[in-house]
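Convention: sequence-line order gives letters A, B, ...; per-chain numbering from 1.
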Amino acid sequence: MSESYLRFDGISVEFPGVRALDNVSFEAHAGEVHALMGENGAGKSTLLKVLSGVNKVTAGALWINGERHVFANEREALAQGIAIIYQELTLSPNLSVAENLLLGQLPQKNGFIDRRTMRESAISVLRDLGEQGIDPATKVRDLSIGQQQMIEIGRALLRNARIIAFDEPTSSLSVQEIRNLKRIVQRLRDEGKVVLYVTHRMDEVFEMCDAITVFRDGKHISTHPTLEHIDHDLLVSEMVGREIADVYGYRSREHGGAVLEVKDLKGPGVRVPASFEVRQGEVFGLFGLVGAGRSELLRLVCGAVSAEEGAVHFKGEACQFASPREAIYAGIAMCPEDRKSQGIFAIASVADNINISCRRFFSRWKVFRNATREKDNAQDYIRRLRIKTPGPETRIGTLSGGNQQKAILARWLSEDIDVFVMDEPTRGIDVGARRDIYSLLYDLAEQGKSVVVISSDLAEVSSICDRIGVMRDGEMVDIVPRDQATPERLLGLALPA
Amino acid sequence: MATEKLAQAQSSAEFAPGKGRVGLPKAIRTLMDTSGLIAIFILLFIGLSVAVPDFLTGRNIVGLLLSVTLIGTIATTMMLVLALGEVDLSVASIVAFTGVVAAVITSSSGSVFIGVAAGIAAGAAVGAFNGFVVARFGVNSLIATLAAMEFVRGLAYITSGGDAVMITVPAFFDLGSASFLGLTVPVWTMIFCFIIFGILLNVTAFGRNVLATGGNAEAANLAGVNVRRLKVTVFALQGIVAGIAGVLLTSRMGLGDPNTSLGLELAVISACVLGGVSLSGGVASITGVLVGVLIMGCVQNAMGLLNVPTFYQYLVRGAILLLAVLFDRWKQSRRTRA
Amino acid sequence: MATEKLAQAQSSAEFAPGKGRVGLPKAIRTLMDTSGLIAIFILLFIGLSVAVPDFLTGRNIVGLLLSVTLIGTIATTMMLVLALGEVDLSVASIVAFTGVVAAVITSSSGSVFIGVAAGIAAGAAVGAFNGFVVARFGVNSLIATLAAMEFVRGLAYITSGGDAVMITVPAFFDLGSASFLGLTVPVWTMIFCFIIFGILLNVTAFGRNVLATGGNAEAANLAGVNVRRLKVTVFALQGIVAGIAGVLLTSRMGLGDPNTSLGLELAVISACVLGGVSLSGGVASITGVLVGVLIMGCVQNAMGLLNVPTFYQYLVRGAILLLAVLFDRWKQSRRTRA
Amino acid sequence: AQDDVTIGFIVKKPEQAWFINEQQAATELGEKNGFEVVKLSGVDGQEVLSAIDNLHSQGAQGFVICPPDVRLGPVIKRRAEQYDMKVVTVDDRFLNSDGEPMQDVPHLGMSGYKIGQQVGNAIAKEIEARGWNMEDVAALRITNYELPTAKERTDGATDALLDAGFNKANIFDAPQQNTDTSSAFAAASPVLSKRGNFKHWVIYALNEESVLGGVRASEQYGLAPEDVIGVGINGSGAAFAEFSRENPTGFFGTVAVSSTMHGRDSAENLYTWITGGDKPPANTETAGTLMTRDNWQQVREELDL
Ligand SMILES: Nc1ncnc2c1ncn2[C@@H]1O[C@H](COP(=O)(O)OP(=O)(O)OP(=O)(O)O)[C@@H](O)[C@H]1O
Ligand SMILES: Nc1ncnc2c1ncn2[C@@H]1O[C@H](COP(=O)(O)OP(=O)(O)OP(=O)(O)O)[C@@H](O)[C@H]1O
Ligand SMILES: O[C@@H]1[C@@H](O)[C@@H](O)CO[C@H]1O
Ligand SMILES: [Mg+2]
Ligand SMILES: [Mg+2]
């Protein structure tokens with residue numbers, strides 16, 4: 001192993017009421033993929049933002065190639081050859097793909113943009129990313145989230161940086177895109193870059209990474225320079241401080257009759273009329289590659305988008321929900337997949353975020369809020385989902401990504417309804433919390449509720465669901481019962497024929 | 001486990017004071033949040049009382065209150081509009097239009113009740129139309145209400161023929177001048193609006209939904225808030241309140257003047273922003289707005305008492321507004337850093 | 001694999017037209033995007049030419065062009081400000097202030113050059129100050145420039161003593177009236193601004209950075225765009241252009257009038273929005289703004305020729321603005337659905 | 001046809017009743033005498049020039065104008081000459097670059113200063129009639145120094161009052177932000193509350209609306225109508241509204257000027273000039289008539305308002 005190229009030296013970062021990083025020191029080497037792991041709110045993203053000059057340290061410094069640095073802003077970090085792919089998308093939606101890829105370093109000739117060079121670099125990096133299908137002139141807002149995530153990665157590649165950090169890059173990528181990402185990471189390592197890689201997915205760590213650093217509560221717990229003698233259980237216990245034998249902890253139960261019946265539903269994103277039913281007490285999974293049309297299908301069901309044809313029967317009655325509100329009042333709620341744009345009220349408190357929809361149960365005479373009940377409800381879920389927050393009145397925007405996701409889930413779990421639709425519920429959530437969430441889903445099912453889980457995580461759908469619908473390119477290709485749902489079978493159905 | 005312990009420690013501390021006082025810490029915290037502004041207001045008030053002769057006299061304070069009624073009354077609903085992430089530039093035109101309508105209809109029908117009702121209904125109609133355009137077609141409210149501002153001012157001119165409209169029913173004047181406990185109807189109306197809309201904002205689901213929609217409209221829609229209806233309602237409320245203010249103004253001034261209140265919309269928005277309401281939506285506080293209105297009123301009043309030349313009044317108003325928002329930013333950045 | 005094949009097919013199709021024409025499809029697409037508006041403008045223009053006597057005469061068109069110079073010139077930089085997701089309400093005050101400054105300094109120094117330079121410098125200073133407040137402290141630009149609007153208008157009154165300032169150096173008048181190819185300096189200035197800022201927006205990194213910042217300021221910052229400097233620059237440009245417009249206006253009028261151009265800011269913003277500039281930032285087109293300005297100018301001109309009563313002019317202006325934004329929304333929703 | 005006459009009538013505040021009347025009267029005259037009147041607005045210099053261009057496009061031979069700023073005179077005249085149009089002014093008279101009235105542009109109107117004096121004199125006379133001691137009376141002078149004509153008027157009234165023996169120290173300024181009732185009210189409030197020691201008040205301002213605002217403020221502070229003398233200027237709806245109230249208020253009267261006559265006569269002068277008649281006199285001064293509660297309907301009829 002070479003000299004350490006990047007060294008974090010006694011880094012501390014504080015926010016009001018939170019010590020996000022506490023005297024963290026470790027080093028990473030050139031030509032190494034270094035995994036950063038830890039629970040939600042452990043401080044991983046904060047560390048990367050220190051590296052990129054966004055977060056200011058209260059103590060400590062960075063050493064890059066033997067030089068000490070404390071960055072005052074983003075541009076200083078960029079100038080030192082650091083590129084970060086952030087957890088949340090940072091694109092400008094109305095600009096083209098090419099412009100977004102080269103934002104901050106647009107090629108110029110005589111003071112004007114050199115469009116040809118721009119286009120050529122864009123095309124070459126898109127090819128590199130395995131996204132030849134994207135026209136560089138497309139506006140970014142017309143891309144899927146996965147594609148947007150790939151654009152973020154492309155932008156970092158175009159920086160030609162010496163240190164590249166990925167913050168949970170795979171959480172919104174398709175199987176195909178993940179494959180491309182892995183190839184890119186390999187190449188970066190071979191080119192001798194320092195790659196920092198934040199993820200909650202164990203399989204990725206063991207497949208791709210050379211070294212691991214684990215954080216807990218802002219503290220550095222351990223750094224393993226090699227993965228020899230490291231196993232899954234050891235990592236989990238270092239991360240969460242306890243043993244977790246089986247994350248999924250499936251509990252089987254009896255199912256009742258069909259609660260929700262979808263017949264030949266067709267609409268934007270759902271090319272071929274789709275039919276399926278969800279039974280009482282069932283956890284129904286929907287698997288497919290990103291863009292297969294799963295979200296769109298359930299958005300049709302839940303009234304967020306209006307259907308072109310087909311019918312929905314709920315508890316035996318034909319329903320045509322005109323808005324999510326109608327669906328929620330009838331007893332179906334959908335937890336959206338894109339937490340930033342569809343989920344959180346960033347400037348509102350955690351408690352308000354949790355209570356926004358369910359407060360109608362508590363209200364006095366349907367008009368006045370019941371502050372006590374709201375507070376109890378928020379406290380309850382903060383505890384049950386271990387949401388790491390200074391308190392229920394903290395602005396949710398200051399929480400870590402995974403903790404925001406937990407609060408959004410809590411919003412829907414507090415609903416007293418019959419069918420819960422969860423779109424990518426565990427995106428960005430750590431192992432320990434996942435276990436808690438699965439267990440809550442089983443609880444709901446055991447109470448006779450039904451749960452629909454849309455997920456791109458193959459292991460997750462095949463392990464927690466009772467039946468799994470597989471979608472491919474806007475079509476429901478099959479519905480597989482749990483006992484036949486091997487990962488190979490599901491993937492085979494989901495991949496283009 | 002560390003986090004769990006933390007969570008437990010926290011939650012036991014939270015629960016300790018007993019159910020009865022659960023609401024309290026929140027209220028105090030909110031006060032602390034806005035207290036910077038309140039403190040500034042109190043200092044300003046003391047300063048003016050000491051430095052400006054005749055400032056702290058009963059009749060001056062009554063006059064001050066009366067002079068802020070128009071801005072104050074309308075600021076209560078503007079607060080909701082801004083909390084929704086929208087803005088309403090048409091309020092001044094609505095005031096003029098509804099005043100003229102009330103004057104014309106009162107005189108022609110001979111009934112104060114019908115006249116007042118017609119004025120308020122006209123305000124409600126304009127407001128609801130604004131809300132409809134904004135909510136149904138997703139038109140930016142700055143532009144939609146800018147169009148309404150022109151259009152409705154035109155209507156006011158057309159209704160009145162461009163000249164002040166006289167009122168032939170004397171009972172109409174009582175509306176603006178009848179007094180109770182030393183305060184006149186317009187002042188009571190303002191107080192009433194502050195109470196009603198303060199309650200609406202803070203302790204009803206409606207108010208919370210307004211804030212949520214201002215924070216993230218799409219998320220609110222997915223969470224089951226009827227965003228469209230909410231917007232129409234808020235704009236309609238704004239229209240109604242501007243209508244009431246217009247009718248009362250007409251009654252106070254004794255004539256329906258289509259030229260009245262030019263530029264009022266900006267004064268109202270300034271008062272709200274002074275009071276910490278965010279123009280990007282999702283943040284609002286009724287105490288803040290009250291203080292914002294009072295600060296503006298006190299400064300204007302004191303400038304009058306001190307005989308500050310008009311030209312310098314422009315400077316003072318501009319500077320106060322700028323300093324207030326800078327102070328607000330500074331407070332926020334300090335809180336983030338602390 | 002299917003996706004890959006698809007991708008290959010697509011990219012080969014892309015490459016087919018040959019390198020030389022790479023820029024073309026984009027330009028055409030942009031035209032298509034704004035073409036709805038252009039089509040409307042052409043229809044309007046033809047309609048007015050046919051229906052309104054004296055509309056399509058050389059002298060009327062020259063007059064029309066002259067009448068939009070103020071709005072048109074300032075709209076070019078307002079477009080940048082709006083593209084940045086900000087707004088500038090102080091332009092009208094800057095026009096008045098810089099005009100007065102130019103008049104006072106020209107008269108006192110006896111030099112047109114010094115007077116003009118002082119006027120423009122005053123505009124630049126106000127603009128840069130606005131930009132500084134917005135960029136450095138993150139103050140909402142609506143409020144920051146509202147404060148500036150008051151303050152700078154006050155400065156204009158103070159500088160002029162409240163009365164219009166006469167200019168004693170005759171050479172100053174040539175600025176506004178010298179003509180070239182039948183068009184006067186103010187018209188050429190407007191044309192020049194459209195060209196310069198069109199180029200700036202579309203083919204320079206600066207322009208793209210402005211759009212990127214308007215679309216997502218945080219993203220732009222993370223990508224290494226110097227957002228703060230960008231904002232200061234754009235506001236300063238706005239100040240400079242408003243300053244130039246103010247100086248030219250003064251020269252045309254022969255006096256520096258502190259009361260001039262009240263409400264101009266709203267007309268300029270309306271023209272931009274008519275031209276499809278989004279108030280939430282990130283979207284702007286110079287052709288759109290040009291068309292927006294021309295539509296407003298034509299309508300106003302035709303109303304004058306048709307002798308439309310003032311009151312109804314309010315209705316027409318309001319209605320046009322509303323219809324234009326409704327049309328824009330309709331176009332967009334159709335595109336999303338298609 | 002060739003000999004058709006078209007004239008423009010450009011006013012600085014097209015929304016104001018005063019100017020609506022003027023334009024209306026000119027239009028009616030035009031209908032009677034067979035020429036066309038194009039009504040245009042010119043709220044600032046820019047708009048005036050556009051309006052002139054617009055008139056030129058319509059082939060107008062001249063225009064009547066009340067300029068937004070009297071110092072725009074030279075520019076407006078130059079533009080008119082460039083198009084070979086004749087120009088006369090109404091209400092506000094052009095000034096040349098030396099600040100002197102432009103003698104070569106015919107004018108019809110009242111002098112702001114003189115009409116102010118009329119206000120001052122009317123007030124002084126009423127003070128005497130009420131038997132107040134001049135020394136003990138306070139004056140609420142609602143000012144608007146952003147508008148030069150407004151300043152002339154209030155200056156005229158002030159001077160007349162001082163001449164009549166009013167105590168200079170008893171004149172208090174209330175600067176208003178706009179020229180409407182509510183801004184005058186807001187401006188007047190602090191002044192009245194500060195000067196609670198005065199029993200008698202007189203109120204004057206640039207127009208009736210503003211005086212009314214002051215009167216409303218005086219009522220607010222409990223001053224009885226008998227203790228207040230407010231005198232306005234114009235003779236518009238605001239005054240009629242006040243006079244038609246059941247009980248007398250502090251609004252004693254207004255100096256009414258015939259906007260109808262202004263509009264008609266200035267248009268007529270211009271028309272005659274265009275059709276080959278003499279150039280109108282350099283300056284035709286009109287005077288106002290004091291209109292009070294007792295005579296308002298009669299004066300209104302006389303002045304054709
Ligand atoms: N801007 C901020 N203001 C206040 N607190 C913050 C801010 N940013 C982060 N924090 C806090 O810092 C802690 C660490 O957050 P960070 O985002 O680094 O966690 P993380 O390890 O990336 O978690 P996740 O896996 O959920 O993304 C959290 O408790 C979070 O609430
Ligand atoms: N309103 C729409 N009109 C037309 N096509 C749409 C619309 N919304 C989504 N699509 C397309 O429908 C397809 C399905 O998208 P959807 O988001 O439902 O996929 P998904 O399987 O849920 O994957 P993801 O994980 O990205 O949500 C995508 O190709 C998307 O571009
Ligand atoms: O503005 C005034 C107007 O109100 C009328 O009095 C005529 O003269 C003008 O100067
Ligand atoms: Mg994170
Ligand atoms: Mg999806």
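- With a threshold of 4.5 angstrom between heavy atoms, E15(D) approaches chain B through its backbone and through its side chain.
- The minimum heavy-atom distance linking Y145(D) with F311(B) is given by the pair O-CZ, 3.9 Å.
- With contacts defined as side-chain heavy-atom distances shorter than 4.5 Å, the pair Q313(B)/P175(D) qualifies.
- Proximity to chain B (any heavy atom under 4.5 Å) is restricted, for Q176(D), to the backbone atoms N, CA, C and O.
- With a 4.5 Å cut-off on non-hydrogen atoms, Y314(B) touches chain D through its side chain but not through its backbone.
- In terms of heavy-atom pairs under 4.5 angstrom with chain B, the leader among N21(D), D173(D), N178(D), N144(D) is N178(D).
- With a threshold of 4.5 angstrom between heavy atoms, L249(B) approaches chain D through side-chain atoms but not through N, CA, C or O.
- Between R59(B) and Y221(D), the shortest heavy-atom distance links the atoms O-CE2, 3.2 Å.
- Summarising the geometry, atom CG belonging to D54(B) is positioned 6.5 Å from atom OG belonging to S193(D); distances are rounded to the nearest 0.5 Å.
- For S261(B), the parts lying under 4.5 angstrom from a heavy atom of chain D are both the backbone and the side chain.
- A donor-acceptor pair under 3.5 Å is formed between the side chain of K194(D) and the backbone N or O of L305(B).
- When heavy atoms are compared at a cutoff of 4.5 Å, V308(B) approaches chain D solely by way of its backbone atoms N, CA, C and O.
- Contact annotation for F240(D): both backbone and side-chain heavy atoms come within less than 4.5 Å of a heavy atom of chain B.
- Taking chain D as the reference chain and counting heavy-atom pairs below 4.5 Å, the highest number among L66(B), I167(B), L264(B) is found for L66(B).
- Shortest non-hydrogen contact noted between L255(B) and A238(D) is CD1-CB, 4.2 Å.
- Here the shortest heavy-atom pairing between N60(B) and P190(D) reads OD1-CA, 4.1 Å.
- For residues 158-185 of chain B, the set of pairs meeting the ring-ring contact (aromatic ring centres under 6.0 Å, His included) definition, not counting sequence neighbours, comprises F180(B)-W188(B).
- The minimum heavy-atom distance between T260(B) and S182(D), with the atom names listed, is OG1-OG, 3.4 Å.
- Closest non-hydrogen pair, G254(B) versus A241(D), comes out as O-CB, 4.4 Å.
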List the steps and the verdict of side-chain contact (heavy atoms from CB on, under 4.5 Å) for R252(B) and T181(D). CA-CA 10 Å; R252(B) 267 169 66 202; T181(D) 325; over 6 Å; no
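- Highest contact tally toward chain B, considering only R195(D), Q220(D), R245(D), is held by R245(D) [criterion: heavy-atom pairs under 4.5 Å].
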